[in-house]
Every structure is written in C-alpha cells, then in structure tokens.
**Student:** 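Take a look at the following structure, please.
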Number of protein chains: 2
Amino acid sequence: MYQAPFSIPVIPRGLERCLVHYVFYLKKTLVIFQTFQYNRYENDFIYAYLGGGGILYVGDRMATISDVAERAGLSRTTVSRVINQHPYVSEEKKKLVKQAMEELQYVPNSNAQKLRKQKTETIAVYVPRLTNPFFSQLVETMEEVAAEEGFQLLFCQTRYNKQQELSYLQLLRGKQIDGLILTSMENHWSEIEPYLTYGPIVLCNEYDYEAKVPMAHLDQVMGGYIGTKHLIDRGHQSIVYCSSEPGGSRVSKGRQEGYIKAMQQIGISIKPEWMYTDQFTIEGGKRLFYRLHNLKERPTAVFTGSDEVASGLIFEARKNGYRIPDDLAVIGFDDQPVAELLGLTTVKQPVHQLGRTAMELMVEQIQSSRKISSNRVELPFELIIRDST
Amino acid sequence: MYQAPFSIPVIPRGLERCLVHYVFYLKKTLVIFQTFQYNRYENDFIYAYLGGGGILYVGDRMATISDVAERAGLSRTTVSRVINQHPYVSEEKKKLVKQAMEELQYVPNSNAQKLRKQKTETIAVYVPRLTNPFFSQLVETMEEVAAEEGFQLLFCQTRYNKQQELSYLQLLRGKQIDGLILTSMENHWSEIEPYLTYGPIVLCNEYDYEAKVPMAHLDQVMGGYIGTKHLIDRGHQSIVYCSSEPGGSRVSKGRQEGYIKAMQQIGISIKPEWMYTDQFTIEGGKRLFYRLHNLKERPTAVFTGSDEVASGLIFEARKNGYRIPDDLAVIGFDDQPVAELLGLTTVKQPVHQLGRTAMELMVEQIQSSRKISSNRVELPFELIIRDST
DNA sequence: AAGATTTATGAAATCGATTCCAATTTAAGG
DNA sequence: CCTTAAATTGGAATCGATTTCATAAATCTT
C-alpha cells in the first residue's frame, strides 16, 4: 500500500469534508490518507477526486435550537416552548425567541422532533398501483385531507405483491409513520393484525368483517348485484363476469357474490367459462375480448370490474365490427373520467368520499391516542346508465 | 377547582398511560388528578374516560438496540455494526446479535437513525395534482425506481399554488427529506434556488435553463412545433392553441413557442382569440368547445396541451353534431391511455423514461454527497397519428 | 522476535429536539 | 402581610440510534 512520504496530521472532524469540497471547487485532485483503522469503514477519510465540473454548494451548518437559545439569551427549554406554543412564556421572551429564529432562519430538525415526541405526523398509504385512476383519485383526496390536518403522506405501491406489502408494514414498527391506510390487501387479515400493536391501521375500499379496525368501504356484493341486475333488466341472460382485482381480495369476492346472486335470482345457472378474474387493465380488456370472441357460445353482455377493462373490451370489440350495445353490452365499474367520454354504463363508486372518510378515520384514530375502535363506514353505489348497455 | 380528598401518589412516567388503558379496558371511568403545575400542559395527567367500546391494544415497549445488546451480552456498538453491515465483527458475535434481534422482534427506530446519520432515505416529489394521468404515471414510475434504490417517497400536491410549493420546500431545511423532485414550478427559479444549500433538487418535466441542477425534460418547443406542423400538413390554416398548464411554466411557454414557430413558418399570423392558456382538464376541454363554437370565425383545428382537454373537446363537439376530424381536427398531448381509446392523434411524451431518469438523477445526486452537477437529459417526442386529425 | 498492521470490541459522546423536575417570581385571596 | 396558587424559567435527563476514540488480541512482515 502507498506510504505517504510525510507525516499527515489528524484532520479534525468536519474539516475533511470542507477540504475535499474546496479542492473539488478548484478542480484539483486531492488524496488524503489517514492510517487510523477505524476510518477505513466508519468514516472513510480517503478521498480522490478525478475530474468533472459543476458548482459546489457547501451548505452552512444548520442552526439548531441551541443556537437560537444562545442568540436569544435564553434556554433551549424556553425556545422549545415557543416552538410548541406552550403557555407560560412571557410575551417579551417570546418576541426575543421569534426574532432569533427569524435571524438564523431556524427550522426545527424534524427527525429530532419525531424521535423525542414519538410521533411522526406522517401517514402511509398503500396502493397496488397508481395508474389505475380509481387509486390515483383516492390518493389525491387523501393527500388533500391529510394536508388539511397537518399530516404528510408516505406513498407505497404494493404492486399486488404479498411480500412487498408485508415488508412495508415494518414502517409502523420502525416508528416511521403514525398510521397506515390499506386500499387493498394481498395478505390475509391475520397476517396484518399483529401490527396493530405498533399503530393504527385503517382499511379503505378493501374490507374484512373480522378486522376490528376502522374502515371505509362499499358493499361490493350490492355493487356486483346492481350491475348484473341492470344487464338482466335489459334482457340479457348470458352474462360474463370479469373482476378487476386478482388475489383473495374481499372486494372482488364480494362483487362476484353479487353477480352470482343476481343470476341465481332469475334462475340462470352460471357456466364456468363466464367467469374471469385475472384482468384489470385496458390491455386486459382487449385480451378478454378475444377470449369471448373465440367462445362457441358468445355471451351477449359483460360485467367488468373496472372501467379500464370495459374500455379495452369495447375498443377491441368495435375494431372487430361489433356494435355496442347491440352485439355486446358492457357495464363498467368505478365511473372513471373515461366512462363519460366513452358513454360507458357503469357502477359509480364515491371515490372522493371514500378517500376523505378513510383519512378522517385515520386522523381521528391517531389523535385519540391508542383507543382502537372498529368504526365501519359503508358508502352507497350509484348506477350510471349511458350507451353501452 | 376540584380538590382531591386524599393525597395522590406521584405516578411514574409511563405507568400513567398503562393505567388509563387498563381502566379503559375494564370500561370504568378513571380520573387522575395531579396538582403539580407542570403536568397541566407538558404532559396532561388528567384523563377522563366517558364510555364507548372497542378493543384496546396496549403495545409493549418496543425493543431498542440496548435491549438487543443486553440480550446478546454485547455492546450497543457491536449491534449497530451488525445492523449496518460493517466489517470487523466476528461471525460468532454476529450470530448472537442476529438471534437476539430475532427473539425481540427488533426493528431499528428509523427516526433515531435519521437523526444520527443525517440522512433520511426519503425523497419528496411535488406534483400539481395527481389525477392528471401524466403525473400519476410519472409518480408511479418514480416510486418504482425509488423503491429499487432503497428510497421512500413522500408525496405532495402543490395544487398549482405558489405558497403551497414554497411551504413544502421547508421539508428540505428540516432535514426531513434527502432530496426533492419538482415536476412543475409555480415559483420563479430564483425563489427556489436558495434551498439548494439544504439538499439536492431535480427538475422533471419542468425545466429552466438558468437552473444549475440536474433535469430530465423534453424539448417543449419541438413538441408544440411537431403537433402544429402536423395539423398544417393536414391542410389546416386556422388553428387554435390551448395549453394545459397555467402560470408562468416553461413547459407551456415552450409549447406555445413551438406553435407560433410552426404558424409563422407558413406565414399565418396568429389571432389573439386563437390562444387559450387556462384549461387543463376534461371539463376545461368542454368549456373550450363552447368558446370556439361561439366564435364568428370558427377554427378548423385545435392544438391542445393535454389529452384530457382534447377528449373533453371532442366529446362535447360530437355531442353537438361535429364530425371529427372533418368539422374539427384535434390533436392532444401526452398519449395517455384514453388517447388510444378515443382514436386521438397526439404528441407522445416518454413518461416512463422521464420519471425513471429524473429519479435516477436524484439518487445519483444524493449518493455523490454534495456535488451538484447540472446534468440535463432531454428526451424525444413522438407523433402518434390516429383518427382525430 | 520485534514491530507494524489488521481485526475485534466497548465506553462515552453525539445527533437535535422535548420533557422532567426544581426553583423563582408574580398574582390572588383572606 | 402572610399564605397559597399560578406564571415563568432553566439545568439535566431522555428519545434510540451511530460515530468517535481507545484498547486489546490476532496476524503479518522482515
């Protein structure tokens, strides 16, 4: 190993960074060797800069509460009291502190606050994927409500992945978030329940009657029923069901139950080739069309679990000369913006209300310390009839 | 004030919570008075429970690194080394530590880590609003890349609000995030630049040639030009321009510039009533239709700054008996999923690549300590011709 | 075999806030 | 004017981790 031909002074902590930055700024190469073993891995003093350009911002050390206290000639305690709006601080000192904060451009280090206060003012939202307009609307609303209430939103996509979902649950244990909203559930509730010890969980859209937690959702059985019933009322008998969500989600199970209920009510026995549960995108809708198209006995109507699937299906059907709804009636789900544009009959979900309610339940939960209630809010569906049925 | 008829023992910190929880569990009412004045506001000992029900989870105290150290019969330092995968820990002790962590279900408190390490592994993304599919796609991709790289995503909507945007910038100063990605900019760059001292900022979609920060964006002038040129090539002369973003954004300015360039190239002088800059939703597209419909001299083609506006416009036009593109040609922007469904000609933005590039630039920026480069990545547009022109 | 490295470990300091506890001053009550 | 309660203030402990610094044991070098 290279042996420096001169003795190297110990560089005080903090200074070494500045040195490197300065040399970087001068566009020179700097190599500092220090032989103390611990430097090797804990704070690597060996730097080499090998070219390039750009402007370097070496930030000043951020002002801390101690700086403010010193400048104001008061104790940290008093400054903290001003920050947190405690009573029992005289107007006079309050003004001194505020001025010092202003002058130093002081902003409290939120990690220190979180550590000490043991709360984070952050709520995580788990969504399978964001590009589904249903979920992006949900998240948009939730962010709005959270912001109103002074909370931040940590955003996670589970990508319909069980393992991903479980790994994100660790955020609760690591005290990184105050609470968790699940908009879908890949794992069984019993897998998730233990995490309640570490903080509140709220279900939104997704639901489970076993779970003793607040939830905002819709009666999916009713949703499936309403949609199917509408198709039946239009005179259809051979109706295909295609759900939007994979896995063992209650949501899709409920919808399917509603479909079956409606069909049985008029005494139609359901053929196995009428059930599809693996499509949940526009592309999925297109694929669905070809599957149906190739059936010996083609259905006359399709109940889809999302407007995305419905639009893909209609798109591909039209391309193949089908007239909608005469050759094939299609009903969607959600009432996404695209539904209006395409004249799609659909079962409307009150997304805004859903998101708002869930977030409000969460905030309430957090603010009422650790009391866990199982407040269940069920919102109504609405059938929007357009031209596709 | 109520005077307790007996002396009340001082309740040790920590126990009081448990007491309350236990009494709650028993569904009794408990009132604890303590007369020490400080309790009044700093930690309120006065509880009263007045009914209700539910299950109470009184979490165990979370295991800390000290607990792990004690159980393993080692020091905190060694445990920390195992957590952070430092070398110089013998296999034997490593196993001891891992076992202790397992047994205690230990998860490090991330706030303590952030405080000590002075980094948060969290990146904030500012988006004007999420329900615009362009932005939701962007965020989806960014979250994916961030997750790959081990970062979390804090999600903020600025709602096209200058003040909101500035207030969110404080997150950087409060060390709550390692970096910030802006997908739109309400404020002038000079307002934002000072915050660079506190951490890296990356521009995505939005851009500003003055800003010496990494950015991933598209040549919006070219985008505006390509779209307009296409309409001109189709034989149109009276072309209305409608941009998707309000405010002084470079993006819309650039696009407008491209439009003007294309028009001037063939010697058409632009009428003031051909320029609209305040519509950016489906509803906005509908409104736009009526404005155009009421003009004495109706245009034959419209260049819109987003597929949303374009679809609203087409929807309303068709409702009023227009044939597209014969009576009115419309070109969109973005190539959102809806464009294909509606057969909308559009200027496609490579959203995935845009989001991925921006996030990669950010991660690189964070990992290369504080070196600030002005790496600018410009991605290409693509014209997608369908049936609306 | 002596000196120089490398490996391995832990006690104590530190990150930047809040909370506890004690002490002092001011106001209210009788 | 004395007693009691309320209003102020600050020093030290604490939150739960990482990093510094010191020191000892094992391994190389020559």
Side-chain angles (χ1 to χ4, degrees), chain A residues 1 3 10 12-14 34-45 61-69 72-84 86-94 96-97 106-120 174-176, chain B residues 1 3 10-14 16 34-45 61-69 72-84 86-94 96-97 106-120 174-176:
Chain A
M1 167 143 190
Q3 173 75 47
V10 176
R13 180 174 144 63
Q34 286 210 329
T35 51
F36 300 109
Q37 56 91 37
Y38 63 85
N39 291 326
R40 189 78 41 73
Y41 63 96
E42 289 195 340
N43 191 356
D44 192 343
F45 270 35
R61 189 176 70 85
M62 294 278 285
T64 70
I65 197 172
S66 300
D67 300 326
V68 176
L74 292 163
S75 73
R76 297 210 302 270
T77 313
T78 306
V79 177
S80 172
R81 287 198 178 106
V82 173
I83 295 170
N84 293 285
H86 281 312
Y88 298 164
V89 180
S90 64
E91 281 308 317
E92 177 203 359
K93 315 267 157 151
K94 208 180 279 179
L96 278 171
V97 170
Y106 169 74
V107 175
N109 178 315
S110 61
N111 296 126
Q113 289 183 313
K114 289 177 188 171
L115 172 59
R116 187 66 246 234
K117 288 191 182 169
Q118 300 280 43
K119 45 183 155 167
T120 63
K175 296 253 192 246
Q176 201 174 137
Chain B
M1 170 153 183
Q3 173 75 48
V10 177
I11 298 169
R13 180 174 144 66
E16 96 279 11
Q34 285 209 330
T35 51
F36 300 111
Q37 53 92 38
Y38 63 85
N39 291 326
R40 192 79 39 70
Y41 62 97
E42 288 196 339
N43 192 354
D44 193 344
F45 268 34
R61 187 176 70 85
M62 295 277 284
T64 71
I65 197 172
S66 300
D67 299 326
V68 175
L74 293 162
S75 72
R76 296 209 303 270
T77 314
T78 305
V79 176
S80 172
R81 287 199 176 105
V82 174
I83 295 171
N84 293 285
H86 281 311
Y88 298 164
V89 180
S90 64
E91 281 306 319
E92 177 202 359
K93 315 268 156 144
K94 207 179 278 178
L96 279 172
V97 170
Y106 170 73
V107 175
N109 179 315
S110 61
N111 297 126
Q113 289 182 313
K114 290 178 189 172
L115 172 59
R116 188 64 246 236
K117 288 191 184 171
Q118 300 281 44
K119 44 185 159 164
T120 62
K175 296 251 192 250
Q176 201 174 137

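Letters go in sequence order (proteins before strands), and every chain restarts at 1.
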**Student:** Can you list everything that forms a side-chain contact (heavy atoms from CB on, under 4.5 Å) with A:Lys93? Sequence neighbours excluded, please.
**Tutor:**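 side-chain contact (heavy atoms from CB on, under 4.5 Å) list for A:Lys93, sorted by chain: A:Leu74, A:Val89, A:Ser90.
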**Student:** Can you find a pair of side-chain heavy atoms, one from B:Lys114 and one from A:Gln176, that are under 4.5 Å apart?
**Tutor:**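 A side-chain contact exists here, since the closest heavy-atom pair is under 4.5 Å.
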**Student:** Looking at B:Ser66 and D:dG16, is any side-chain donor or acceptor paired with a base atom of the opposite kind under 3.5 Å?
**Tutor:**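 By the distance-only test, no, there is no pair.
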**Student:** As a test of reading the structure: which of C:dA17, C:dT9, D:dC15 is closest to the side chain of A:Pro108, going by heavy atoms?
**Tutor:**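 Nearest listed nucleotide: C:dA17.
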**Student:** Just checking A:Asn111: base, sugar-phosphate only, or nothing, at a heavy-atom cut-off of under 4.0 Å?
**Tutor:**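 Nothing: the residue A:Asn111, judged by heavy atoms under 4.0 Å, touches no strand.
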**Student:** What integer distance in Å separates A:Met62:CE from C:dG16:C1'?
**Tutor:**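 It is 11 Å, rounded to the nearest whole Å.
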**Student:** Could you give the CD-to-P distance, from A:Gln176 to D:dA17, as a whole number of Å?
**Tutor:**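 In whole Å, D:dA17 P and A:Gln176 CD are 13 Å from each other.
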**Student:** Distance check needed: C:dC15 P versus A:Lys114 NZ, whole Å only.
**Tutor:**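 Atom NZ in A:Lys114 sits about 20 Å away from atom P in C:dC15.
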**Student:** Holding to salt bridge (charged side-chain N to carboxylate O under 4.0 Å, His left out), I want the full list of residues that pass it with A:Glu91, two or more places apart in sequence or in another chain.
**Tutor:**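 Here the qualifying residues are A:Lys94.
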**Student:** For A:Lys93, which contact category applies under a 4.0 Å heavy-atom criterion: base, sugar-phosphate, or nothing?
**Tutor:**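 The residue A:Lys93 makes sugar-phosphate contact but no base contact.
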**Student:** Is there, by distance only and without an angle test, a donor paired with an acceptor across the side chain of B:Thr78 and the base of C:dA8 below 3.5 Å?
**Tutor:**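 For B:Thr78, whose side chain was compared with the base of C:dA8, there is no donor-acceptor pair (under 3.5 Å).
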**Student:** For the side chain of B:Arg81 and the base of C:dG10, is some donor closer than 3.5 Å to an acceptor across the two?
**Tutor:**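 A donor-acceptor contact between them is present.
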